[in-house]
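None of the values given here were measured: they were computed from a predicted structure. One-based numbering along the sequence shown.
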Amino acid sequence: MSITRRQFAAASFALSSPAWAPAWAQGKPIRIIVPYAAGGPIDVTARALAERVKDSLGTVIIENRPGAGGNLGADLVAKAAPDGLTIGIAATATHAINPWLFAKMPYDASRDFAPITQMLRVPNVLVMNAETAQRLKINSLADLVAYAKANPAKLNFGSGGNGSAGHLAGEMFKRAAGIFAVHIPYNGGNPAQLALLSGQVDFNFDNLATAAANIKAGRLKALAVTTGQRSNALPDIPSMSETLKDFSIDTWWGLVAPAATPRDVVDRLNKAFVAALQAPETKTRFAQLLAEPVGNTPEQFGAFMKQELTRYESVVKASGARVD
């Protein structure tokens, strides 16, 4: 029996392509666009998941496209071909804060993306310089609130910049506690942490993974995590909601595709990445970063992002932060 060249080429392709490669990908690599620089928690976790899904999705590569507070990379995802070969990271900044912070956005956070799954949540933590806390006799969140009320405008707090997660967490805290503290923005999270360690500022809202080493070393005093419940990583630190009812804010990120991506493709991606997030090896690795895997449905992640977008509108506007 004879075969045509086209049939021979198709057979050769089928033999050379991984048996587990999804039909819609046709053996082509999938790329995840990370809208931040390499080496940070979002990049590290994206690379870990890319490695874990290779048996179900084939080759997955990471492409770092930082810029404009994450907007550059997110816009590339929004405008990519909706074929499932380009997906990206949606984060607190790109999909909840930036739409209210930037005067002009290149994408619509609520309409230009198809949610796949939330990957992780990382608690933030209210930390003080340990020497400052000892000098002011502040041992708890309640002590900090009481001191601020008794000494108006004497406290300040630092952050990685106007409109940053740390800045907005501070503004939410001030509103919830009914206190005032001067905000001092720095050019990034590292300079803000150095300012706290040197005593230039009184308290910060920092990423728990970033602050953990200095907390354990006794250089920073952790007063509360910002999530609704205590963190499994540091269970001795109370949650802010134990003092300020219903206070809850954390850093999160997940996977999204361009809005017109077919539902069967989204479902295939969701199944692969949720399985990777639930793997014991993944949970162990992410626990070292003090990050908590989520892994939910596209509908759940989409509803969560809409909720976060709505919540941050009033916070950003009340803060007065703006990027023109």
Side-chain angles (χ1 to χ4, degrees), residues 69 91-103 109 121-129 132-133 136 138-186 189 192-193 195-196 200-208 210-211 220-231 237-252 304-323:
T92 313
T94 59
H95 282 68
I97 296 175
N98 290 357
W100 311 116
L101 182 64
F102 285 77
R121 60 195 292 267
V122 179
N124 295 317
V125 59
L126 195 170
V127 284
M128 290 191 71
N129 177 290
T132 301
L136 299 180
I138 295 175
N139 294 305
S140 67
L141 179 60
D143 289 344
L144 177 62
V145 173
Y147 181 88
K149 288 183 176 180
N151 300 273
K154 286 192 176 181
L155 290 176
N156 58 41
F157 73 101
S159 80
N162 286 317
S164 66
H167 173 206
L168 298 179
E171 297 298 335
M172 288 178 67
F173 168 54
K174 287 161 57 177
R175 281 203 301 173
I179 64 169
F180 179 79
V182 177
H183 172 234
I184 302 178
Y186 291 86
Q193 188 183 73
L196 180 63
Q200 295 177 38
V201 294
D202 299 313
F203 67 90
N204 283 3
F205 282 86
D206 205 349
N207 183 287
L208 183 57
T210 303
L220 294 179
K221 183 172 183 59
L223 298 182
V225 292
T226 61
T227 41
Q229 300 80 34
R230 298 191 181 201
S231 169
I237 303 175
S239 69
M240 292 191 67
S241 62
E242 293 174 37
T243 301
L244 301 173
K245 186 179 178 181
D246 298 329
F247 190 102
S248 178
I249 183 174
D250 56 26
T251 299
W252 55 265
F304 173 76
M305 287 195 291
K306 287 181 180 178
Q307 176 184 327
E308 289 287 279
L309 182 64
T310 299
R311 182 159 73 116
Y312 274 100
E313 179 180 10
S314 61
V315 178
V316 173
K317 290 180 178 178
S319 75
R322 192 72 172 167
V323 177

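- Two residues are said to be in side-chain contact when any heavy atoms from C-beta on lie closer than 4.5 Å; Pro99 and Leu309 meet this criterion.
- The nearest pair of heavy atoms linking Lys149 to Gly178 is CE-O, 4.0 Å.
- Heavy atoms only, all atoms of each residue included: Ala192 and Asn204 are closest at O-ND2, 3.1 Å.
- Looking only at distances, a side-chain donor or acceptor of Arg322 sits under 3.5 Å from a matching main-chain atom of Trp100.
- Between Leu126 and Leu144, some side-chain heavy-atom pair lies under the 4.5 Å cut-off.
- When all heavy atoms of Leu196 and Leu220 are compared, the closest pair comes out as CD2-CD2, 3.5 Å.
- Within 6.0 Å of CD in Glu313 there are more than 12 heavy atoms belonging to other residues, nucleotides or ligands.
- Counting heavy atoms from C-beta outward, Leu155 and Leu136 have side chains that approach closer than 4.5 Å.
- Between the Thr227 side chain and the Asp250 main chain, no donor and acceptor come within less than 3.5 Å of each other.
- Counting only distance, with no hydrogens or angles, the side chain of Thr92 and the backbone of Thr251 share no donor-acceptor pair below 3.5 Å.
- Lys221 is listed as a side-chain neighbour of Asn139, based on a closest heavy-atom distance under 4.5 Å.
- Taking every heavy atom of both residues into account, Lys174 and Ala181 meet most closely at NZ-O, 3.0 Å.
- Contact of the Phe304 side chain with the Arg121 side chain is not registered, since no non-hydrogen atoms from C-beta on lie closer than 4.5 Å.
- At least one side-chain heavy atom of Asn162 sits less than 4.5 Å from a side-chain heavy atom of His183.
- Aromatic ring orientation, Phe157 versus Phe205: perpendicular (interplanar angle above 60°, classes split at 30° and 60°).
- Contact of the Trp252 side chain with the Met305 side chain is registered, since non-hydrogen atoms from C-beta on lie closer than 4.5 Å.
- For the atom pair CD1 (Ile97) and CZ (Arg311), the distance works out to 9.5 Å, reported to the nearest 0.5 Å.
- Classified by interplanar angle (parallel below 30°, tilted 30° to 60°, perpendicular above 60°), the ring pair Phe247/Phe173 is perpendicular.
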- Task: Just do the side chain to side chain contact (heavy atoms under 4.5 Å, CB included) check on Ser319 and Leu168 with the steps written out, would you?
- Result: CA-CA 7 Å; Ser319 75; Leu168 298 179; 3.7 Å; yes
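- Closest approach of Gly69 to Thr94, counting heavy atoms only: O-CG2, 4.2 Å.
- Residue Thr243 comes nearest to Leu141 through the heavy atom pair CB-CD2, 3.7 Å, listed as atom of the first residue, atom of the second, then distance.
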- Message: For a side chain to side chain contact (heavy atoms under 4.5 Å, CB included) check, start with the C-alpha distance between Arg175 and Val315, then their side-chain angles and the critical distance, and finish with the verdict.
- Response: CA-CA 9 Å; Arg175 281 203 301 173; Val315 178; 3.6 Å; yes
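- Side chain of Asp206 to backbone of Val127: no donor-acceptor contact under 3.5 angstrom is found.
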